[in-house]
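Remarks on the structure that follows.
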Amino acid sequence: MTEAASLLDATHDPNLRSWVASANAPGADFPIQNLPLGRFRRRAAEGETPQAPRAGVAIGDQVLDLKLASEQCPWLGDIYPLLAPLAAGDIAGFMRMGRPAWKALRVALSQALAEGSEQGPFLEMCLVPRAEVQMALPCRIGDYTDFFTGIHHARAVGALFRPDQPLMPNYQHVPIAYHGRASSIGIGGAVRRPHGQTRSSDGPPRFGPSQRLDYELELALWVGADNPLGTPVDMAHAEDRLFGIGLLNDWSARDIQAWEYQPLGPFLAKSFATSVSPWIVSLDALAPFRRPCTRPEGDPEPLPHLDSAWNRAAGAFDIRLEVWLQTAAMRAARLNPVRLSHSNMLDAYWTPAQMVAHHTSNGCNLQVGDLLGTGTLSGPGPGQGGSLLELSAGGKAPLTLPDGQTRSFLEDGDTVILHAYCAAPGAVRIGLGQLAGTVMPA
Ligand code: CA
C-alpha cells in the first residue's frame with residue numbers, strides 16, 4: 001500500500017452512491033465522495049430581510065442546510081457537538097475543533113447521505129436547491145498571503161522582464177510570497193476595473209482606469225488552526241493546519257503593477273479585488289488525488305525544514321485547472337464560454353505543507369480563517385498560461401476568440417470563469433465548483 005492509500009476510507013469508496021440523485025451524475029462536482037462546506041443564504045424575495053448566512057454541505061445540485069440537519073435529524077451522540085458551530089453558521093468555529101473533528105463529521109455526513117441511510121427521510125427536508133441560494137465567504141479572513149509556486153508562470157513572466165535570467169536564484173530554495181489584502185476578498189460576481197497610476201512613455205505618469213486588467217488562475221488554501229506566535233509548524237504537522245482548498249482569482253492590473261512593484265512588490269495592482277470560490281474541499285476528500293512531490297533531475301533539494309518523507313511520497317495534489325472566458329458580445333449572441341487554458345496543481349514547485357512550514361518557520365502565527373494563495377498555476381506548454389499576461393505575451397500577441405474578437409487583456413463585460421476538478425483511476429471525480437467574476441467599467 002502506498003503512503004497516500006493509507007488515508008483512504010469508506011468515504012472514498014467509488015461504489016458509494018447518495019440518495020440525492022443529482023450527486024450520482026457522472027462528472028458532477030459534488031458527489032458524496034466530496035462533501036465540501038460553505039456558507040449560503042436563501043435568495044430573499046422582494047421586500048424580505050435577507051437570512052443570515054448558514055453553513056451547508058454541497059451534494060449534487062443541492063445544499064444540505066446544517067442548521068436544519070442538526071435540528072431535524074437524529075445523529076449519533078458525539079456528532080451533535082461537531083454540528084453545534086455549523087448550526088450557528090460558524091465554519092471558523094468548526095475549524096477550531098481540529099482535524100479529527102473534520103474527519104469525524106465527514107464520516108457521519110457520508111453515512112447519512114448514502115443510499116439506504118435511515119437518516120435520509122429526515123435530511124430530505126433539509127435540502128435547498130443550489131440554484132436558489134446565494135453563497136457567502138465561508139468565514140472572516142484575517143490575513144491573506146499570496147505565494148508564487150507556479151514555476152512555469154515564474155519562468156514565463158520572468159522571461160518577459162529578464163530574458164537573461166527568467167528564474168530568480170532564490171526560487172528553488174524559498175517559497176516566494178507577499179502579504180496581500182484581506183478586506184477586498186469576495187466570492188466573485190462584479191469586479192470593478194481599478195483606477196491607478198501608470199507609466200507614460202512621453203511624459204509624467206498618469207492616473208486613470210487600468211488598461212491592462214488581468215486574472216490569475218490560482219488555488220486557495222484555507223488555514224483551519226492557529227499556531228501561537230513564535231511557534232513554527234514543522235512539516236509533520238503542516239497539513240493538519242489546512243482545512244481545505246478552493247479556487248482563487250488574483251485580479252491584477254498589469255500597468256499599475258509594472259510602475260509600482262519595485263522595490264517592495266505588488267500593492268494597489270492587486271488589492272482592489274481577489275475572488276475565492278465559496279465551497280471548501282477538504283484534504284480528506286482530496287486523498288485519492290495525492291501524488292509524490294518530485295523535482296526535475298539536477299534541481300537542488302529543499303532544505304531540511306521544508307522536506308519530509310511524507311511530502312516526497314504524497315504531498316502534491318493532482319487538481320486540474322481551467323480558465324474560461326465569456327465576453328459581453330458572446331453573452332449577447334448566446335455563445336458559450338470558451339476555454340482559454342488549462343493547467344494542474346502539480347505545476348506548483350512547492351506543496352501546501354511546504355507553504356505552511358515556510359510561512360511559520362520564522363515564528364509567524366497563522367490563524368483560523370487565514371487564506372494562502374498558491375500563485376498563478378500555469379502549465380509548461382504554449383497556451384497553458386494561467387494569466388492573459390502569459391497567453392498574450394505581455395500584450396504583444398493578442399488571442400483571437402472563436403467569434404473573431406481579440407483579447408490582450410480583459411475588457412469591460414468580460415466574465416472569467418475558473419473551474420477545477422480531480423480525476424484518477426479507481427476514484428470518483430470530484431470538483432471544486434466554479435468561480436466566476438465579471439469586469440465592470442471603472
Ligand atoms: Ca498572484
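Order of appearance sets the numbers: ligands from 1, and atoms from 1 within every ligand. Just so it is clear, the structure is predicted and the values come from calculations on it, not from any experiment.
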Practice task
Under the ring pair (Phe, Tyr, Trp, His ring centres under 6.0 Å) rule, collect the residues that match up with Phe317, sequence neighbours excluded.
Solution key: none
Practice task
Indicate whether any N or O donor in one side chain lies under 3.5 Å from an N or O acceptor in the other, for Thr351 and Asn311.
Solution key: yes
Exercise for the section: State whether a side-chain donor-acceptor pair under 3.5 Å links Ser22 with Asp61. Expected result: yes
Practice task
Would you indicate whether the side-chain heavy atoms of Phe147 and Thr374 approach each other to under 4.5 Å?
Solution key: no
Exercise for the section: State, yes or no, whether a side-chain contact exists between Arg312 and Thr294 at a heavy-atom distance under 4.5 Å. Expected result: no
Exercise for the section: Flag the pair Trp102 / Phe243 as yes when their ring centroid distance falls below 6.0 Å, and as no otherwise. Expected result: yes
Exercise for the section: Taking 3.0 Å as the upper limit, name the protein N, O or S atoms near the Ca ion (ligand 1). Expected result: Asp146 OD2, Glu216 OE1, Glu218 OE2, Asp250 OD2
